[in-house]
Student: 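Provided herewith is a single structure, encoded as structure tokens, for subsequent inquiry.
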Amino acid sequence: MKKRFRIASNIKIRLAFQFMLVVAGILVFFTLLIYYFTYTSHREKFRDSLMNRAMSTAIITITRHEVDTSLLRKIHEFTFLGQKQEIIVADTNSRILYSFNAEKLTESVLLSSLRPGTFTFFTMEGKDGICYKFNYKDKTAYVFVLAYDNTRADYLKELRQILFWGILFSLWLSVLFSYLFSRKAIQPITEIIDDVKAINSSSLNSRLDEGKGKDEIERLAMTFNEMLADLEVAFKNQEDFVSNASHELRTPLSVMIAESDYFLTREHTPDEYKEHISGLIRDNKKLNSQLNSLLHLAQANRDNKIRFVPVRLDEIIYDAVHQVKGKYPDRKIITKIRFPENENDLIISANAGLLSIGLKNIIENACKFSNEDVNVELLIVDHHIRVIVSDSGIGIPPDEINSIYNPFTRASNAKFKSGFGIGLSLVAKILEVHEAGLEVFSTENEGTRFEMEFNQAN
């Protein structure tokens, strides 16, 4: 059981770890998304500033006939665009018309940055730049502006720190809450483990709390309860079989052993030996019959193992009657079957072997406890098949009729007849397995009538 608790604990840890991984993946995804859109937004804003600076510089330097370059440099120096900004205005022959702090903007850079379009953005050693092509009348000039966006760099640095610590704090919270949630989720399993731990072979009647049976844990409890019910039935059947077998087999075996030991204490004639052996054979046959009855009863109790197939009930009746006539050849058994127009109405879902045993026991009892004719009748009543077995025998005392289905119980007026008291209990169990109704009507010294009702297969 400690191993099961360890399994539950491992499940909690795995659930917490998996939840943390999911949260971490979501956080990293949204962090990258936020960082990317923030970066692109700031970059576009800075590029707009570069475009405005390039356009204003081109207008001043190209459209004016005379330009005070020193004044223009002062303007560029005191109008902040970004750190280490560089500006160059060149004509189509790469002749520089104006420059401001040109360090990185060399002639090779100028030539490599020229593009057919009106403007082109580029990046150089961490700086953002633009090449702007300006046309005025018959003049064409290229304006290059290059600068470092320190505002964006500072903002992104701060954003990275915020996102980093935010992810760490969120992961810590996710670990804490995921462990608490997984612990709460595993709590029903832990309770099931505690309940199962308290169940043993002597308390198989205990059941787990099924709740409303809606979630997986409650359905697991329902499944486990079904298994407990099956185990309880199996253990009870085993106990009943052992108890019944030991109760019913011990006495005849002891008698046969004692008689044989006594018989061997002195000499006997051959005829006496033959008589003794014949008696042992008769006792063994009775013992074999008794054992077969016990086995049939045990098989009927294992109803979840029985295979049902569509069978015709009239054929099972004929088979049972044929078997009983073999044992009571002088007894008249009258079979009355009212055949319907559709022969499929006689079909039921059953185990033919067990059902034949049940019907044979009822018919055999009628022959055993009556010297008159035995009637077996089959008729269709309201989409059900009714089978009636009646006799004119000794009947059953009214105060004992409710106990005739108990194993090894016999009516007080049947003691003079051989038997073990198993037949009717076996019949009751077989009919219960087949979901068939069973009623008995009896009047002492007048006769007994058994009525069975079966469901049609169609």
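Just so we're clear, the structure is a prediction, and the values are computed from it rather than from any experiment.
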Student: What distance do F339 atom CZ and L379 atom CG have between them, rounded to the nearest 0.5 Å?
Tutor: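 So the gap between those two atoms works out to 12.5 Å.
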Student: Taking the side chain from S370 and the backbone from C367, do they hold a donor-acceptor pair closer than 3.5 Å?
Tutor: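 Not at all, since once roles are kept as given, no pair shorter than 3.5 Å links the two residues.
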Student: Using ring centroids (six-membered ring only for Trp), state whether F454 and H384 fall under 6.0 Å.
Tutor: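 Distance test on ring centres: not under 6.0 Å, no.
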Student: Check the surroundings of atom CD in Q161: do more than 12 heavy atoms from other residues, nucleotides or ligands lie under 6.0 Å from it?
Tutor: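 Yes, the 6.0 Å shell around CD holds more than 12 heavy atoms from other groups.
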Student: Around atom CZ of F17, are there more than 12 heavy atoms from other residues, nucleotides or ligands closer than 6.0 Å?
Tutor: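 Counting neighbours around CZ of F17, 12 or fewer heavy atoms of other residues, nucleotides or ligands fall under 6.0 Å, so no.
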Student: Which one of R386, R449, K336, R338 satisfies the salt bridge (charged side-chain N to carboxylate O under 4.0 Å, His left out) criterion with E377?
Tutor: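 Testing E377 for a salt bridge (charged side-chain N to carboxylate O under 4.0 Å, His left out) against R386, R449, K336, R338 leaves exactly one candidate, R338.
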Student: Using 0.5 Å steps for rounding, measure from the NZ atom of K325 to the CG atom of D330.
Tutor: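 Answer for the NZ-CG pair, K325 versus D330, is 11.5 Å.
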Student: For side-chain contact (heavy atoms from CB on, under 4.5 Å), just list the numbers for M452 and I362, CA-CA rounded to whole Å, side-chain angles, deciding distance to a tenth of an Å, and then say yes or no.
Tutor: CA-CA 11 Å; M452 295 155 279; I362 292 179; 3.5 Å; yes
Student: To the nearest 0.5 angstrom, please state how far the NZ atom of K127 sits from the CG atom of D149.
Tutor: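 If we round to the nearest 0.5 Å, K127:NZ and D149:CG are 12.5 Å apart.
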Student: Which value, rounded to the nearest 0.5 Å, describes the distance between Y132 atom OH and N52 atom CG?
Tutor: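 Going from OH on Y132 over to CG on N52, the span is 10.0 Å.
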Student: How far apart are the closest heavy atoms of L438 and A428, and which atoms are they?
Tutor: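 Here L438 and A428 meet closest at CD2-CA, 4.3 Å.
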Student: Between F121 and F119 (judged by ring centroids, cut-off 6.0 Å), do the two rings come close enough to count as a pair?
Tutor: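 They qualify: ring centres under 6.0 Å apart.
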Student: Between S41 and T38 (side chain of the first, backbone of the second, donor and acceptor by atom type, cut-off under 3.5 Å), is there such a pair?
Tutor: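 Absent.
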Student: Atom CD1 of I130 and atom CZ of F46: how far apart are they, to the nearest 0.5 Å?
Tutor: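 So the gap between those two atoms works out to 10.5 Å.
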Student: What I'd like to find out is whether the side chain of V427 reaches to under 4.5 Å of the side chain of F450, using heavy atoms alone.
Tutor: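 A side-chain contact is absent here, since even the closest heavy-atom pair is not under 4.5 Å.
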Student: Going from CG on L176 to CE on M20, what distance comes out if it is rounded to the nearest 0.5 angstrom?
Tutor: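 One finds 13.0 Å between CG of L176 and CE of M20.
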Student: Judged by modelled atom types alone, do Q323 and S356 share a side-chain donor-acceptor pair under 3.5 Å?
Tutor: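 Side-chain D/A pair, Q323 to S356: present.
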Student: Examine distances only and state if a side-chain atom of Q456 and a backbone atom of D345 form a donor-acceptor pair shorter than 3.5 Å.
Tutor: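 Answer holds: yes.
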Student: Under a 3.5 Å distance rule, please check whether D319 uses its side chain to pair with a backbone N or O of E315 as donor and acceptor.
Tutor: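 Such a contact is absent between D319 side chain and E315 backbone.
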Student: Take D128 and R152, measure what salt bridge (Lys or Arg N to Asp or Glu O under 4.0 Å) needs, and give me the verdict at the end.
Tutor: CA-CA 11 Å; D128 293 316; R152 181 179 66 191; 2.5 Å; yes
Student: Could you check whether atom CD of E435 has more than 12 heavy atoms from other residues, nucleotides or ligands sitting under 6.0 Å from it?
Tutor: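 Not more than 12 within 6.0 Å, no.
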